Amino acid sequence: MKTNKKMLILAGDGIGPEVMTQVRRVVDWFDRRRAVKFDMQDGLVGGASYDKHGTPLTDNTLADAMAADAVLFGSVGGPQYDVLPFEKRPERGLLRLRKELGLFANLRPAMVFDALVDASSLKPEVVKGLNIMILRELTGGIYFGEPRGIEKLPDGQRRGINTQVYTTNEIRRIARVAFELAKKRQNRVCSVEKSNVMESGILWKEEVIHVHKTEFPKAELSHMYADNCAMQLVRNPKQFDVIVTDNLFGDILSDCAAMLTGSLGMLPSASLGDVDQQGQRRALYEPVHGSAPDIAGKNIANPIAQLLSFAMLLRYSFDLDEDARLVEAAVEKVLASGMRTADIMQPGAAKVSTVVMGDAILRELDKQAA
Ligand code: IPM
Ligand code: MG
């Protein structure tokens, strides 16, 4: 008998809980209609955890995340927490999860659904059919580098310090993920750094070249400076297949790539760790969008990014490609039918709420499975 999959749900703050409610309905649907069964557990993270426990991530919740087969994460943050000291901020909960679970590989696909070609701020011909993968290193670089801090100078000024640092192994393991991903796509990798001004960028480039030569010689490898990449992403995004880059550049470039698709409300992501001895890998799935406090609680948020994050969970954690495709196809059908949440609204389309979007996707799943 197959054991149940253990899934920890951390809905977080802002629109997190309301979009997660729609995903839960879809998870229930899978439980009822498909072979896969989930043991779901809930936890608090971000501001929601701070309000109850005084910290954005408790040790207990972290232990639950460690024990889960996969974590489905909503979003964290809100203006009421901006006054908190750095270590108590909601974002620290997410960063601690990434670090402690060793989630070094962040997959951020940017794809344009045909029905949404006009939602992009770019010309339709530039984005139609777009399907690129940004692979962001997630546990190193300037986000975690030491020394860091704000210090007082003798003359009364202050100095803020962060450190960009990467080691051989950190670069090689993310490069391997990039080449493995590319294999299942067009087998093209573009490595992005600033080796024209940064030593860490020189090392990055050299190590990616090494992994390419020694392990993946069949892949096509190119290199680009990060600033040029930002420009190329809006000029001709379809030139890319897989982009691999560091933590900070990946943060910025993935927002840029996300907007090519018309809405942050559409994009999922996966954060993966190393495969352990049992062949298991820790994983966390989250939408690229944030907690959107300005629209939270109004039943207008787009649940699709969260739902597509669940589809990525099915695919990457449980190898359930067919089930993942069911979710993706349902989303595509509902969009093609003209239903839109406010963020992707277009003239002539039908504007629907978060819950009605959830209803429509469930109906579509029923149809497909009939
Ligand atoms: C992201 C976010 C986070 C980051 C924040 C919330 C810490 O912008 O996941 O892209 O900078 O990594
Ligand atoms: Mg970001």
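Please read all numbers here as calculations on a predicted model, not as lab measurements. Just so it is clear, the values below take in all heavy atoms, side chains as well, and ignore hydrogens, waters and symmetry mates. Numbering starts at 1 and runs along the sequence shown.
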Query raised in the report: Can you tell me how far the CD1 atom of Ile300 sits from the CE atom of Met345, to the nearest 0.5 Å?
Result: 13.0 Å
Requested in this report: Quick one: closest heavy-atom pair of Arg33 and Ala370, and the distance?
Outcome: NH2-N, 4.4 Å
Query - Asp31 side-chain N/O to Phe38 backbone N/O, donor-acceptor pair under 3.5 Å - result: yes
Query raised in the report: Got a second to check how far Met224's CE is from Met231's CE, nearest 0.5 Å?
Result: 8.5 Å
Query - CD/Glu199: more than 12 non-hydrogen atoms of other groups inside 6.0 Å - result: no
Query - same_hphob_cluster(Leu8, Leu94) at 4.5 Å side-chain heavy-atom cutoff - result: yes
Query raised in the report: Any ion pair linking Arg281 and Asp274 (charged N to carboxylate O, less than 4.0 Å)?
Result: no
Requested in this report: Would you check, one step at a time, whether the test side chain to side chain contact (heavy atoms under 4.5 Å, CB included) holds for Arg315 with Glu328?
Outcome: CA-CA 11 Å; Arg315 175 173 292 124; Glu328 290 159 354; 2.9 Å; yes
Report summary line: Sequence neighbours excluded, the answer for ring-ring contact (aromatic ring centres under 6.0 Å, His included) partners of Tyr166 is Trp204
Query raised in the report: Looking at Leu84, Leu57, Val45, which hits side-chain contact (heavy atoms from CB on, under 4.5 Å) with Tyr50?
Result: Leu84
**Report entry** Donor on one side chain, acceptor on other, Thr58 and Thr55, under 3.5 Å
**Finding:** no
Report summary line: The reported gap from CG in Leu10 to CG in Leu284 (rounded to nearest 0.5 angstrom) is 7.5 Å
Query - Approximate separation, where rounding is to 0.5 Å, of Leu138 CG and Leu103 CG - result: 7.0 Å
Query raised in the report: Stepwise, does the side chain to side chain contact (heavy atoms under 4.5 Å, CB included) test hold for Val23 with Leu72?
Result: CA-CA 10 Å; Val23 177; Leu72 190 61; 3.7 Å; yes
Query raised in the report: Where the side chain of Ser254 meets the backbone of Arg108, is there a donor-acceptor pair that is under 3.5 Å apart?
Result: no
Query raised in the report: Taking the six-membered ring for Trp, are Phe310 and Phe30 ring centroids under 6.0 Å apart?
Result: yes
Query raised in the report: Can you tell me if Asn187 and Arg185 form a side-chain donor-acceptor pair at under 3.5 Å?
Result: no
Query raised in the report: Are Arg34 and Glu322 ion-paired here, with the side-chain N under 4.0 Å from a carboxylate O?
Result: yes
Query raised in the report: Do Asn228 and Gln232 get their side chains close enough for a donor-acceptor pair, meaning under 3.5 Å?
Result: yes
Query - Polar side-chain atom of Glu137 near backbone of Thr139 as donor-acceptor pair, under 3.5 Å - result: yes
Requested in this report: Ignoring hydrogens and angles, tell me if any N or O in the side chain of Thr261 forms a donor-acceptor pair with the backbone of Ala258 under 3.5 Å.
Outcome: yes
Query raised in the report: Quick one: do Leu130 and Val244 end up in the same hydrophobic cluster if we chain Ile, Leu, Val, Met, Phe, Trp and Tyr together by side-chain heavy atoms under 4.5 Å apart?
Result: no
Report task. Considering only NZ, NE, NH1 and NH2 on the basic side and carboxylate oxygens on the acidic side, decide whether Asp114 and Lys128 come within less than 4.0 Å. Result -> yes
Query raised in the report: Are side-chain heavy atoms of Tyr316 and Leu107 found at a separation under 4.5 Å?
Result: yes
Query raised in the report: Is there side-chain contact between Asp241 and Met133, with heavy atoms separated by less than 4.5 Å?
Result: no
Report task. Measure from NZ or CZ of Lys99 to the centre of the six-membered ring of Phe144 and say whether it is under 6.0 Å with the direction within 45° of the ring axis. Result -> yes
Query raised in the report: What distance do Met357 atom CE and Ile344 atom CD1 have between them, rounded to the nearest 0.5 Å?
Result: 5.0 Å
Query raised in the report: Asp51 and Tyr81: side-chain donor and acceptor closer than 3.5 Å?
Result: yes
Requested in this report: State, with a plain yes or no, whether a side-chain heavy atom of Val327 is found less than 4.5 Å away from one of Ile361.
Outcome: no
Report task. Assess whether atom CG of Asp319 is packed by more than 12 heavy atoms of other residues, nucleotides or ligands within 6.0 Å. Result -> no
**Report entry** Side-chain heavy atoms of Val27 within contact of Met7, under 4.5 Å
**Finding:** yes
Query raised in the report: Would Lys37 and Arg32 satisfy side chain to side chain contact (heavy atoms under 4.5 Å, CB included), going step by step from the backbone distance to the final call?
Result: CA-CA 8 Å; Lys37 297 278 173 271; Arg32 283 198 313 274; over 6 Å; no
Query raised in the report: Side chains of Asp366 and Trp29: closer than 4.5 Å at any heavy-atom pair?
Result: yes
Requested in this report: Ignoring hydrogens and angles, state whether a donor on the side chain of Ser271 or Asn106 is under 3.5 Å from an acceptor on the partner side chain.
Outcome: yes
Query raised in the report: Does the side chain of Asp246 come under 3.5 Å of the side chain of Gln164 through a donor N or O and an acceptor N or O?
Result: yes
Query raised in the report: Does the Thr163 side chain pair with the main chain of Pro147, one donor and one acceptor, at a distance under 3.5 Å?
Result: yes
Query raised in the report: Distance from Ser337 atom OG to Arg363 atom CZ, nearest 0.5 Å?
Result: 8.5 Å
**Report entry** Donor-acceptor contact below 3.5 Å, side chain Thr21 vs main chain Pro17
**Finding:** yes
Report task. Take atom NZ of Lys6 as the centre, draw a 6.0 Å sphere, and report whether it contains more than 12 heavy atoms from other residues, nucleotides or ligands. Result -> no
Query - Minimum side-chain heavy-atom gap Leu116-Leu335 below 4.5 Å - result: yes
Query raised in the report: Can Arg188 be said to sit on top of Phe216's aromatic six-ring, NZ or CZ under 6.0 Å from centre and within 45° of the ring axis?
Result: no
Requested in this report: Could you give me the CA-CA distance, side-chain angles and deciding distance for Phe249 and Tyr225, then say whether ring pair (Phe, Tyr, Trp, His ring centres under 6.0 Å) is met?
Outcome: CA-CA 10 Å; Phe249 294 145; Tyr225 297 143; over 10 Å; no
Report task. Kindly indicate whether the side chain of Gln346, heavy atoms from C-beta on, has any atom under 4.5 Å from the side chain of Arg340. Result -> yes
Query - Side chain proximity check, Leu62 to Leu97, heavy atoms < 4.5 angstrom - result: yes
